[in-house]
Amino acid sequence: MRELYTDLNIKFPVDGTDFYALNLVFERFLRTIPSHSHGSSSYEIHYISSGCGHAKINEVLYDIVPNTLYITGPHVEHAQVPSPEDPMCEYCVYLKTKNKVQEQNKIPIKRLEM
(Lines give C-alpha, C1' and ligand atoms only; values in the text may rest on other atoms or scores of the structure.)
Protein backbone atom coordinates (compact mmCIF):
# COMPACT_ATOMS: atom_id res chain seq x y z
CA MET A 1 0.00 0.00 0.00
CA ARG A 2 1.35 3.41 -1.00
CA GLU A 3 -0.13 6.90 -0.90
CA LEU A 4 1.76 9.76 -2.50
CA TYR A 5 1.03 13.48 -2.26
CA THR A 6 3.15 15.58 -4.61
CA ASP A 7 3.63 19.25 -5.47
CA LEU A 8 2.83 20.33 -1.90
CA ASN A 9 5.11 23.38 -2.00
CA ILE A 10 4.90 24.02 1.76
CA LYS A 11 7.58 26.48 2.86
CA PHE A 12 8.90 26.97 6.41
CA PRO A 13 12.05 28.57 7.86
CA VAL A 14 14.50 26.93 10.28
CA ASP A 15 17.40 29.05 11.57
CA GLY A 16 17.30 31.36 8.55
CA THR A 17 17.04 28.57 5.98
CA ASP A 18 13.85 28.09 3.96
CA PHE A 19 12.75 24.48 3.62
CA TYR A 20 10.17 23.32 1.08
CA ALA A 21 8.11 20.19 1.76
CA LEU A 22 7.52 18.89 -1.75
CA ASN A 23 6.23 15.34 -1.28
CA LEU A 24 4.59 13.29 1.44
CA VAL A 25 4.50 9.50 1.12
CA PHE A 26 2.88 6.84 3.25
CA GLU A 27 4.01 3.31 2.49
CA ARG A 28 3.88 -0.15 4.00
CA PHE A 29 7.17 -1.73 3.04
CA LEU A 30 6.85 -5.25 1.71
CA ARG A 31 10.22 -4.99 -0.01
CA THR A 32 13.67 -3.71 0.89
CA ILE A 33 14.44 -0.13 -0.09
CA PRO A 34 18.01 -0.36 -1.47
CA SER A 35 20.79 1.91 -0.30
CA HIS A 36 20.61 5.37 -1.84
CA SER A 37 21.25 9.03 -1.08
CA HIS A 38 19.87 12.37 -2.19
CA GLY A 39 21.42 15.58 -3.50
CA SER A 40 23.06 18.52 -1.75
CA SER A 41 19.84 20.30 -0.82
CA SER A 42 17.63 17.28 -0.04
CA TYR A 43 16.37 15.94 3.29
CA GLU A 44 13.86 13.28 4.33
CA ILE A 45 11.96 13.01 7.58
CA HIS A 46 11.09 9.35 8.23
CA TYR A 47 8.44 8.42 10.78
CA ILE A 48 7.68 4.72 11.33
CA SER A 49 4.12 4.52 12.68
CA SER A 50 3.91 0.73 12.94
CA GLY A 51 5.80 -2.43 12.11
CA CYS A 52 9.47 -3.27 12.48
CA GLY A 53 12.64 -3.63 10.50
CA HIS A 54 16.07 -2.12 10.11
CA ALA A 55 17.51 1.06 8.66
CA LYS A 56 21.09 1.13 7.48
CA ILE A 57 22.40 4.69 7.64
CA ASN A 58 25.98 5.46 6.66
CA GLU A 59 26.89 1.78 7.16
CA VAL A 60 25.36 1.63 10.68
CA LEU A 61 22.42 -0.74 11.22
CA TYR A 62 19.56 0.51 13.44
CA ASP A 63 16.57 -1.44 14.74
CA ILE A 64 13.33 0.22 13.67
CA VAL A 65 10.22 -0.14 15.82
CA PRO A 66 6.92 1.79 15.96
CA ASN A 67 7.30 5.50 16.76
CA THR A 68 10.83 5.76 15.37
CA LEU A 69 11.68 9.12 13.82
CA TYR A 70 14.86 9.90 11.89
CA ILE A 71 16.11 12.39 9.34
CA THR A 72 18.43 11.76 6.42
CA GLY A 73 20.25 14.65 4.81
CA PRO A 74 22.33 15.37 1.74
CA HIS A 75 24.52 12.48 0.57
CA VAL A 76 23.56 10.29 3.56
CA GLU A 77 23.43 6.67 2.37
CA HIS A 78 20.34 4.94 3.71
CA ALA A 79 18.40 1.72 3.14
CA GLN A 80 15.42 0.09 4.84
CA VAL A 81 14.69 -3.59 5.40
CA PRO A 82 11.20 -4.46 6.66
CA SER A 83 10.48 -7.37 8.96
CA PRO A 84 8.66 -10.08 6.96
CA GLU A 85 6.43 -10.86 9.96
CA ASP A 86 5.50 -7.21 10.71
CA PRO A 87 6.49 -4.87 7.83
CA MET A 88 7.04 -1.26 8.80
CA CYS A 89 4.71 1.53 7.76
CA GLU A 90 6.38 4.86 7.11
CA TYR A 91 5.38 8.45 6.60
CA CYS A 92 8.16 10.24 4.71
CA VAL A 93 8.37 13.97 4.03
CA TYR A 94 10.75 14.97 1.24
CA LEU A 95 12.32 18.40 1.83
CA LYS A 96 14.45 20.66 -0.35
CA THR A 97 16.27 23.87 0.46
CA LYS A 98 17.85 26.46 -1.77
CA ASN A 99 20.54 27.27 0.80
CA LYS A 100 23.35 24.96 1.81
CA VAL A 101 22.81 23.82 5.39
CA GLN A 102 25.74 22.88 7.62
CA GLU A 103 25.89 19.08 7.48
CA GLN A 104 26.15 16.98 10.62
CA ASN A 105 27.82 13.59 10.77
CA LYS A 106 25.48 12.04 13.33
CA ILE A 107 22.00 10.91 12.35
CA PRO A 108 19.62 10.92 15.32
CA ILE A 109 17.33 7.93 15.70
CA LYS A 110 14.55 8.75 18.13
CA ARG A 111 11.81 6.65 19.65
CA LEU A 112 8.83 8.84 20.41
CA GLU A 113 7.01 8.36 23.69
CA MET A 114 3.25 8.37 23.13
Side-chain angles (χ1 to χ4, degrees):
M1 177 174 138
R2 184 173 201 247
E3 294 180 37
L4 173 64
Y5 302 92
T6 61
D7 301 323
L8 298 178
N9 201 26
I10 299 168
K11 176 182 164 185
F12 60 93
V14 175
D15 291 334
T17 299
D18 289 331
F19 285 86
Y20 299 84
L22 303 178
N23 300 324
L24 171 64
V25 179
F26 172 80
E27 187 168 0
R28 182 170 186 245
F29 292 121
L30 301 175
R31 62 179 174 83
T32 295
I33 305 300
S35 186
H36 65 286
S37 65
H38 302 281
S40 296
S41 60
S42 301
Y43 295 80
E44 288 180 323
I45 300 171
H46 304 262
Y47 172 66
I48 308 304
S49 60
S50 63
C52 299
H54 295 91
K56 188 174 185 181
I57 303 169
N58 285 338
E59 300 299 319
V60 178
L61 194 62
Y62 296 92
D63 291 331
I64 301 296
V65 297
N67 294 322
T68 298
L69 176 75
Y70 65 97
I71 299 170
T72 53
H75 310 291
V76 173
E77 289 282 332
H78 57 287
Q80 293 166 291
V81 180
S83 164
E85 299 82 29
D86 188 14
M88 60 183 134
C89 293
E90 177 190 79
Y91 291 90
C92 184
V93 181
Y94 182 74
L95 304 171
K96 294 280 278 185
T97 183
K98 293 186 173 150
N99 311 29
K100 186 168 183 172
V101 178
Q102 184 176 344
E103 296 181 30
Q104 295 184 3
N105 292 331
K106 294 188 176 185
I107 303 300
I109 299 285
K110 299 289 184 190
R111 308 269 191 293
L112 303 178
E113 299 297 322
M114 299 289 201

note = Across all chains, not counting sequence neighbours, the side chain to side chain contact (heavy atoms under 4.5 Å, CB included) partners of Val14 are Phe12, Phe19
note = Apart from Leu30 itself, members of its ILVMFWY cluster (side-chain separation under 4.5 Å) are none
query = Going from OG1 on Thr32 to NZ on Lys56, what distance comes out if it is rounded to the nearest 0.5 angstrom?
reply = 11.5 Å
key: side chain to side chain contact (heavy atoms under 4.5 Å, CB included) against Tyr20, all qualifying residues, sequence neighbours excluded   = Asn9, Lys11, Asp18, Leu22, Lys98
task = Taking all heavy atoms of Pro66 and all of Ser49, pick out the closest pair and write down the distance.
result = CB-O, 3.8 Å
ask   = Roughly how far, to the nearest 0.5 Å, is SG of Cys89 from CZ of Arg28?
value = 5.5 Å
key: For Ile64 against Thr68, the heavy-atom pair lying closest together   = CD1-CG2, 3.8 Å
key: All ring-ring contact (aromatic ring centres under 6.0 Å, His included) counterparts of Tyr5, not counting sequence neighbours   = none
query = Does Phe29 have any ring-ring contact (aromatic ring centres under 6.0 Å, His included) partners at least two apart in sequence or in another chain, and if so, which?
reply = none
message = Quick check: do Pro87 and Cys52 have side-chain heavy atoms less than 4.5 Å from each other?
response = no
task = Can you measure from OG1 (Thr72) to NE2 (His38) and round to the nearest 0.5 angstrom?
result = 5.5 Å
query = By side chain to side chain donor-acceptor pair (under 3.5 Å), which residues pair with Arg31, not counting sequence neighbours?
reply = none
Side chain to side chain contact (heavy atoms under 4.5 Å, CB included) partners of Ile45, counting only residues at least two apart = Leu69, Ile71, Val93, Leu95
ask   = Any chain of hydrophobic side-chain contacts (each under 4.5 Å) joining Leu8 to Tyr43?
value = yes
remark   = d(Glu3 CD, Glu27 CD) to nearest 0.5 Å is 10.5 Å
Enumerate, atom names and distances included, each donor-acceptor pair closer than 3.5 Å involving a side-chain atom of residues 78-86, sequence neighbours excluded.
from: His78; atom 1: ND1; to: His36; atom 2: O; distance (Å): 3.2
from: His78; atom 1: ND1; to: Val76; atom 2: O; distance (Å): 2.8
from: His78; atom 1: NE2; to: His36; atom 2: NE2; distance (Å): 3.1
from: His78; atom 1: NE2; to: Glu44; atom 2: OE1; distance (Å): 2.9
from: Gln80; atom 1: NE2; to: Tyr70; atom 2: OH; distance (Å): 2.9
from: Gln80; atom 1: NE2; to: Glu90; atom 2: OE2; distance (Å): 2.7
from: Ser83; atom 1: OG; to: Glu85; atom 2: N; distance (Å): 3.3
from: Ser83; atom 1: OG; to: Glu85; atom 2: OE1; distance (Å): 3.1
from: Ser83; atom 1: OG; to: Asp86; atom 2: N; distance (Å): 3.4

ask   = Would you say Val25 and Tyr47 are hydrophobically clustered, going by side-chain heavy atoms of ILVMFWY under 4.5 Å?
value = no
ask   = Does Ser37 have any side chain to side chain donor-acceptor pair (under 3.5 Å) partners at least two apart in sequence or in another chain, and if so, which?
value = none
